[in-house]
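A quick write-up on the structure given underneath.
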Amino acid sequence: MIVRTRFAPSPTGFLHIGGARTALFAWAYARRHGGQFILRIEDTDVERSTPEAVQAILDGMQWLGLNFDEGPFYQMQRMDRYKQVISAMLAAGTAYYCYTSREELDALRADQEAKKEKPRYDGRWRPGVGKILPPAPANVPPVVRFRNPTDGVVAWDDQVKGRIEFANSELDDFIIARADGTPTYNFCVVVDDWDMAISHVIRGDDHVNNTPRQINLLRALGAPVPRYAHLSMILGDDGQKLSKRHGAVSVMQYDEDGYLPEAVLNYLARLGWSHGDEEVFSMEQFTQWFDLDHITASAAQFNTEKLNWLNAHYIKAADPERLALEVKRRLATQGVSTADGPDVALVAALYRDRAGNLNELADAVHPFYAVVHASEEVRVQHLTDTARNALKLLRGRLTECVWQATELGQLVKQTAADSGLKMPQVAIPLRVALLGLPQSPAIDAVLEVFGRERVLERLDAALAG
RNA sequence: GUCCCUAUCGUCUAGAGGCCUAGGACAACACCCUUUCACGGUGUGAACCGGGGUUCGAAUCCCCGUGGGGACGCCA
């Protein structure tokens with residue numbers, strides 16, 4: 001069997017973390033089996049779909065590197081096909097016109113709710129042997145309903161949840177085409193999955209209840225039934241359902257917040273799926289390991305701390321040149337140019353072990369390219385008279401020496417000794433003088449990367465102040 | 001209300017009847033490293049929702065309860 005999976009978002013908002021994981025799993029499954037991954041935009045809700053949302057989804061997919069082999073397909077461009085199938089169903093008697101108005105439907109629902117029954121269509125326009133239908137009302141444009149089987153059960157072996165069964169008596173004759181003729185979701189999905197030869201439908205858990213309807217539809221059409229895998233949802237950090245107020249943010253927000261895509265991907269891969277004790281792995285590994293058998297059936301809570309840890313891990317391992325690009329991009333938005341300073345990759349390499357995210361990295365690197373004045377408190381505490389004297393002594397020695405870390409470190413150490421001070425008593429004031437901060441990576445490395453000229457410049461400015 | 005799904009450390013999870021005195025990771029805590037701040041290293045504490053079965057034996061299978069989630073649209 002050729003594996004063909006799809007990701008089918010509706011463009012009513014950005015690509016959020018839940019959608020991203022669904023896309024990731026569907027993508028990985030196709031990759032794992034040498035199949036195809038298809039992107040399909042479900043834009044039949046004309047009211048809420050926007051081109052901006054389509055773009056946002058595409059951007060999110062691209063940032064994550066979830067490349068698709070076919071698509072994007074747009075359902076709005078497939079209207080002719082849907083209408084053709086609907087006519088065929090009408091002709092075959094597997095679908096029928098229903099003239100029940102929205103008002104009547106509301107009344108029916110209210111009545112059923114009052115009786116504590118499950119609200120559903122009562123089949124009043126469903127044709128039946130020996131059943132006399134009322135005359136079609138003149139000015140009511142009809143909807144088209146699917147003639148769902150009335151008895152028996154629909155069942156499937158869900159690849160993550162196991163066997164699921166629904167009694168047909170629980171299902172009603174749902175609408176497949178609106179009064180204006182446009183097809184509805186459950187219908188479009190079925191026709192698309194059929195036409196696109198989707199072998200595995202990997203999607204959110206919220207679609208479990210749609211599955212029996214879709215299977216019935218597929219059968220009525222004589223189409224093959226794909227395999228289904230329903231992923232349980234992702235809860236927010238606080239255990240609450242994800243919503244706009246609770247962390248359902250765009251994946252692009254993670255870019256903005258300084259996350260590396262591979263960290264987000266790795267985190268998402270482990271949220272609801274596992275491969276023994278493996279925690280840190282590349283997408284190459286993931287696509288070799290991924291399977292549907294090891295997906296958790298229950299909902300998972302998002303844990304920002306673990307994501308942060310992974311992000312820091314990937315930053316430590318990242319190529320300094322790449323880090324430099326990210327840092328420059330971020331500094332540029334703050335109006336800071338790195339053109340006149342030391343090589344950004346060298347500075348980034350100095351700081352990558354201690355940055356939690358790319359924004360922190362950019363902030364740490366910042367003082368190398370723009371004078372950052374130490375706070376009054378820091379100056380008073382560290383730039384004492386004894387410290388200043390030591391720095392003056394050091395300054396003199398710095399003009400002549402070999403500009404190399406080990407050498408520079410020795411010099412600082414020697415200066416401390418000559419001034420009757422301990423190493424930190426010179427190193428810390430030196431950090432304050434150079435970077436405006438009492439902490440930095442090893443002072444010898446900082447000096448080396450910073451360069452003689454700039455070091456002397458900053459030292460002079462600090463000693464003059 | 002009805003239907004469907006689900007339940008192992010605070011969190012993500014390993015676990016397919018004996019390998020479980022329940023493993024790993026994040027977080028927490030302690031110690032070590034150290035030129036500051038970090039990184040890192042080592043170690044500690046921390047869980048099978050409750051009740052019934054089945055079985056020689058259950059975290060694992062079944063039933064009930066409880067908790068959590070989803071669905072019940074001319075939304076997707």
Q: Examine the base of B/A76 for any acceptor or donor lying under 3.5 Å from a partner atom in the side chain of A/Asn210, and report the outcome as yes or no.
A: yes

Q | Presence of salt bridge, A/Lys161 and A/Asp205, under 4.0 angstrom | A | yes

Q. So, is A/Lys316 near the phosphate of B/G40, with a side-chain N or O under 4.0 Å from OP1 or OP2?
A. yes

Q. So does A/Ser232 get a side-chain nitrogen or oxygen closer than 4.0 Å to the phosphate oxygens (OP1/OP2) of B/C5?
A. no

Q) Using a cut-off of 4.0 Å on non-hydrogen atoms, how would the nucleic acid contact of A/Ala442 be classed: base, sugar-phosphate, or nothing? A) base

Q.
Taking B/G57 as the reference, what is the distance to B/G67 when you measure between their C1' atoms (whole Å, please)?
A. 29 Å

Q: May I have the distance from A/Phe166 (atom CZ) to B/C72 (atom P), rounded to whole angstrom?
A: 11 Å

Q. Quick one: which of B/G15, B/G69, B/C26 gets closest to the side chain of A/Met233?
A. B/G69

Q: Indicate, with a heavy-atom threshold strictly under 4.0 Å, whether A/Gly272 touches base, sugar-phosphate, or nothing.
A: sugar-phosphate

Q. Atom CZ of A/Phe281 to atom C1' of B/C12: distance rounded to whole Å?
A. 12 Å

Q.
Expressed as a whole number of angstroms, how long is the span from A/Gln301:CD to B/C9:P?
A. 12 Å

(Q) Just to be sure I understand the rule, does A/Ile443 reach a base, reach only the sugar-phosphate, or reach nothing, if contact means heavy atoms closer than 4.0 Å? (A) base

Q) Side chains of A/Trp27 and A/Thr5: closer than 4.5 Å at any heavy-atom pair? A) no

(Q) Counting the atoms with a prime plus P, OP1 and OP2 as sugar-phosphate, which does A/Lys118 contact under 4.0 Å by heavy atoms, base, sugar-phosphate, or nothing? (A) base

Q) When the distance from CG of A/Asp192 to P of B/A76 is rounded to whole Å, what number comes out? A) 12 Å

**Q.** A/Gln214 CD - B/A76 P separation (whole Å)
**A.** 12 Å

Q: State plainly whether the residues A/Lys83 and A/Asp80 are in salt-bridge range, i.e. N to O under 4.0 Å.
A: no

Q) Starting at the 5' end of RNA chain B, which residue's closest nucleotide do you reach first, A/Arg431 or A/Arg213? A) A/Arg431

Q. Under 6.0 Å from the CZ atom of A/Arg458, do we count more than 12 heavy atoms belonging to anything else shown?
A. yes

Q.
Looking at B/U35, which nucleotide sits across from it as a Watson-Crick or G-U wobble partner, both distances under 3.5 angstrom, or is there none?
A. none

Q.
Of the options B/U13, B/A76, B/A25, whose atoms approach the side-chain atoms of A/Glu279 most closely?
A. B/A25

Q: Write down the partner of B/C9 under the Watson-Crick or G-U wobble criteria, each distance required to be under 3.5 Å.
A: none

Q) Contact class for A/Ala179 (heavy atom, under 4.0 Å): base, sugar-phosphate, or nothing? A) base

Q: Please state how far atom CG in A/Asn209 lies from atom C1' in B/U2, giving the value in whole angstrom units.
A: 11 Å

Q: Answer yes when A/Asp418 and A/Arg397 have at least one side-chain N-carboxylate O distance shorter than 4.0 Å, and no when they do not.
A: yes

Q) Does A/Arg354 make a side-chain donor-acceptor contact with the base of B/U36, cut-off 3.5 Å? A) no

Q: May I ask you to say what A/Ser169 touches in the nucleic acid, namely base, sugar-phosphate or nothing, with a heavy-atom cut-off under 4.0 Å?
A: nothing

Q. Using a cut-off of less than 4.0 Å, is there contact between a side-chain N or O of A/Arg109 and OP1 or OP2 of B/G73?
A. yes

Q: Check the surroundings of atom NZ in A/Lys422: do more than 12 heavy atoms from other residues, nucleotides or ligands lie under 6.0 Å from it?
A: no

Q) For A/Pro441, which contact category applies under a 4.0 Å heavy-atom criterion: base, sugar-phosphate, or nothing? A) base

Q. Using purine N1 to pyrimidine N3 plus N6-O4 or O6-N4 for Watson-Crick, or N1-O2 and O6-N3 for G-U wobble, each under 3.5 Å, what pairs with B/U2?
A. B/A71

Q.
Classify A/His230 by what it touches in the nucleic acid, base, sugar-phosphate, or nothing, heavy-atom distance under 4.0 Å.
A. nothing

(Q) At 4.0 Å (heavy atoms only), tell me whether A/Val208 reaches a base, stays on the sugar-phosphate, or touches nothing. (A) sugar-phosphate

Q: Looking at every strand, decide which applies to A/Asp180 at a 4.0 Å heavy-atom threshold: base, sugar-phosphate, or nothing.
A: nothing

(Q) Tell me which nucleotide, if any, is Watson-Crick or G-U wobble paired with B/A28 when both distances must be under 3.5 Å. (A) B/U44

**Q.** Span that lies between the P atom of B/A16 and that of B/A59, in whole angstrom
**A.** 13 Å

Q: Among B/U13, B/U11, B/C5, find the nucleotide with the atom closest to the side chain of A/Ala300.
A: B/U13

(Q) Applying a 4.0 Å non-hydrogen cut-off, can you work out what A/Thr296 is touching in the nucleic acid: base, sugar-phosphate, or nothing? (A) sugar-phosphate

Q.
Please report the distance separating the P of B/U8 from the corresponding atom of B/C61, rounded so that it comes out in whole Å.
A. 13 Å

**Q.** Same-atom distance (C1') from B/A14 to B/C26, integer angstrom
**A.** 15 Å

Q.
Within 45 degrees of the ring normal and closer than 6.0 Å to the centroid, is that where the cationic atom of A/Arg213 sits relative to A/Phe146?
A. no

(Q) I'd like the P distance from B/C3 over to B/C63, given in whole Å. (A) 16 Å

**Q.** Side chain of A/Asp45 - closest among B/U36, B/A7, B/A76
**A.** B/A76

Q. So, for A/Ile164 and A/Asp158, which heavy atoms are closest and what is the spacing to 0.1 Å?
A. CD1-CB, 4.0 Å

**Q.** Base-pairing assignment for B/C20 (Watson-Crick or G-U wobble, both under 3.5 Å)
**A.** none

Q: Can you tell me, in whole Å, how much space there is between the C1' of B/U35 and that of B/A22?
A: 44 Å

(Q) Need the glycosidic conformation of B/C39: syn if within 90° of 0, anti if not. Which one? (A) syn

Q | Atom P, compared across B/G23 and B/A47: separation rounded to whole Å | A | 11 Å

Q.
Return whichever of A/Tyr185 or A/Trp273 has its heavy-atom-nearest nucleotide of RNA chain B closer to the 5' end.
A. A/Trp273

Q: Return yes if the base of B/G1 and the side-chain atoms of A/Glu113 contain a donor-acceptor N/O pair under 3.5 Å, otherwise no.
A: no

(Q) Any N or O donor-acceptor pair under 3.5 Å from the base of B/G70 to the side chain of A/Asp205? (A) no

(Q) Please confirm whether the shortest side-chain N or O distance from A/Ser274 to OP1 or OP2 of B/A14 is below 4.0 Å. (A) yes

**Q.** Separation between the C1' atoms of B/C39 and B/U34, rounded to whole Å
**A.** 11 Å

Q) Under the 6.0 Å and 45° cation-pi test, does A/Arg78 pair with A/Trp194? A) no

Q: Give one of base, sugar-phosphate or nothing for A/Asp353, where a contact means two heavy atoms less than 4.0 Å apart.
A: sugar-phosphate

Q: Identify the nucleotide, in any strand shown, that forms a Watson-Crick or G-U wobble pair with B/C49, with both distances under 3.5 Å; if there is none, say none.
A: B/G65

Q) Counting only side-chain N and O atoms of A/Ser440, is one of them less than 4.0 Å from OP1 or OP2 of B/U36? A) no

